[in-house]
Amino acid sequence: TEIPFAPITGSGTAITNWSNGGGGTANDGFSAAIALPFTFTFDGMPFSQLYVGTNGYVTFLNPAALTAQQARPSSNMSSTALPNAVVALCFADLNVVSPGVVKTFTTGSPGSRIFVIDYANVPFAPNTGSMSGQIHLHETTNVIELHLGTFNFGTSTATSPNFRFAGVEKRDGSSNTVSAGNLSWRFTPLEYQWAPTTFLNDATIAEPFASAIAATTTYTVTVNNSGC
């Protein structure tokens, strides 16, 4: 769903170490695991941490084994190729060097907090043009918002309008992408309800676990899709 552009102001914590996969540099690397201030359910699974990438996206799966060649191509947003479980603000070949800064911060009150990943003036590779915007993760509702501000490629030959994506890619590599550019989008997660709830650890996620089963039980699941 397209929504108004509404970035959030916050001081945040700047990420300066990009050594966790993707070549381990500010060009194609990833942050260490960043603890979320609340449990966030993504693609039906609860997560307590994520990894921020230099190339305009975050992933909920540890990228330590990814190479730079895997971390860079935005075409991976429309394939099962790694990385997966991705939220992309502007998946492109970026380079987090001055004046570019990537930071995270939390705003709001418990129960309705928003975790923000903020990309500010991040150049395209090798060091030209810039991209700014934010990823918002909402507590309780598990809504994802992408707020992409103005950007320009400068003289970069590492990317083009045909090789940048904003959107969400599931754990299995299937995706819901939109064209990036001066727009904001909201992605509302699928809602699951299993019945009966007997023996289940959580009847509202995609893949609950059943334990201490005392009788044969047939389960049904209702899935509500309210759209992107």
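Nothing fancy with the numbering, it's 1 onward along the sequence. Hydrogens, waters and symmetry mates play no part in the numbers below; they use all other heavy atoms, side chains included.
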Would you compute the distance between atom [atom1] of [X] and atom [atom2] of [Y] and round it to the nearest 0.5 angstrom?
{"X": "Trp194", "Y": "Thr204", "atom1": "CH2", "atom2": "OG1", "answer": "11.5 Å"}
{"X": "Leu82", "Y": "Leu61", "atom1": "CG", "atom2": "CG", "answer": "8.5 Å"}
{"X": "Phe38", "Y": "Phe115", "atom1": "CZ", "atom2": "CZ", "answer": "8.0 Å"}
{"X": "Tyr57", "Y": "Leu94", "atom1": "OH", "atom2": "CG", "answer": "10.0 Å"}
{"X": "Lys103", "Y": "Thr16", "atom1": "NZ", "atom2": "OG1", "answer": "14.0 Å"}
{"X": "Ile3", "Y": "Glu145", "atom1": "CD1", "atom2": "CD", "answer": "3.5 Å"}

Contact between [X] and [Y] at the side-chain level, heavy atoms closer than 4.5 Å - yes or no?
{"X": "Ile135", "Y": "Leu146", "result": "yes"}
{"X": "Val143", "Y": "Leu137", "result": "no"}
{"X": "Glu139", "Y": "Ser112", "result": "no"}
{"X": "Ile34", "Y": "Thr104", "result": "yes"}
{"X": "Met131", "Y": "Leu89", "result": "yes"}
{"X": "Thr25", "Y": "Trp18", "result": "no"}
{"X": "Phe124", "Y": "Asn95", "result": "no"}
{"X": "Cys90", "Y": "Leu148", "result": "yes"}

**Request:** Could you pull out all residues at least two apart from Phe42 that satisfy ring-ring contact (aromatic ring centres under 6.0 Å, His included)?
**Result:**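 Checked Phe42 against ring-ring contact (aromatic ring centres under 6.0 Å, His included); matches are Phe60.
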**Asked** Residues in ring-ring contact (aromatic ring centres under 6.0 Å, His included) with His138, at least two apart?
**Response**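 None.
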Atom pairs and distances, side-chain donor-acceptor, residues 212-219, under 3.5 Å, sequence neighbours left out:
| unit_1 | atom_1 | unit_2 | atom_2 | d |
| --- | --- | --- | --- | --- |
| Thr217 | OG1 | Ala215 | O | 3.0 |
| Tyr219 | OH | Thr198 | O | 2.6 |

Partners of [X] by side chain to side chain contact (heavy atoms under 4.5 Å, CB included), sequence neighbours excluded?
{"X": "Ala195", "result": "Thr220"}
{"X": "Ser19", "result": "Asn17"}
{"X": "Ser132", "result": "Asn121"}

Say whether [X] and [Y] are linked into one hydrophobic cluster, either directly or through other cluster members, by side-chain heavy-atom distances under 4.5 angstrom.
{"X": "Val96", "Y": "Ile15", "value": "yes"}
{"X": "Ile205", "Y": "Val221", "value": "no"}
{"X": "Phe91", "Y": "Tyr51", "value": "no"}
{"X": "Ile117", "Y": "Phe47", "value": "yes"}

Any pair counted as salt bridge (Lys or Arg N to Asp or Glu O under 4.0 Å), so long as it reaches [range], sequence neighbours left out:
{"range": "residues 63-73", "value": "Asp28-Arg72, Arg72-Asp93"}
{"range": "residues 79-88", "value": "none"}
{"range": "residues 198-214", "value": "Arg171-Glu207"}
{"range": "residues 44-55", "value": "none"}

**Request:** Start with the C-alpha distance between Phe30 and Leu66, add both sets of side-chain angles, then the distance that settles side chain to side chain contact (heavy atoms under 4.5 Å, CB included), and finish with yes or no.
**Result:** CA-CA 10 Å; Phe30 294 87; Leu66 289 178; 3.9 Å; yes
**Remaining members of hydrophobic cluster (4.5 Å side-chain criterion), Phe105** = Ile8, Ile114, Val116
Does any N or O in the side chain of [X] come within less than 3.5 Å of the main-chain N or O of [Y], such that one atom is a donor and the other an acceptor?
{"X": "Thr39", "Y": "Pro46", "value": "no"}
{"X": "Asn201", "Y": "Phe209", "value": "yes"}
{"X": "Thr67", "Y": "Gln70", "value": "yes"}
{"X": "His147", "Y": "Gln134", "value": "no"}

**Asked** Excluding sequence neighbours, so at least two apart, what forms salt bridge (Lys or Arg N to Asp or Glu O under 4.0 Å) with Asp118?
**Response** none
**side chain to side chain contact (heavy atoms under 4.5 Å, CB included) evaluation trace for Phe40 with Asn142** = CA-CA 6 Å; Phe40 187 82; Asn142 302 302; 3.7 Å; yes
**Prompt:** Can Leu50 and Val87 be said to form a side chain to side chain contact (heavy atoms under 4.5 Å, CB included), step by step?
**Reply:** CA-CA 10 Å; Leu50 53 67; Val87 177; over 6 Å; no
**Message:** Could you report the tightest heavy-atom contact between Asn55 and Ala92, atom names first, then the distance?
**Reply:** CB-O, 3.0 Å
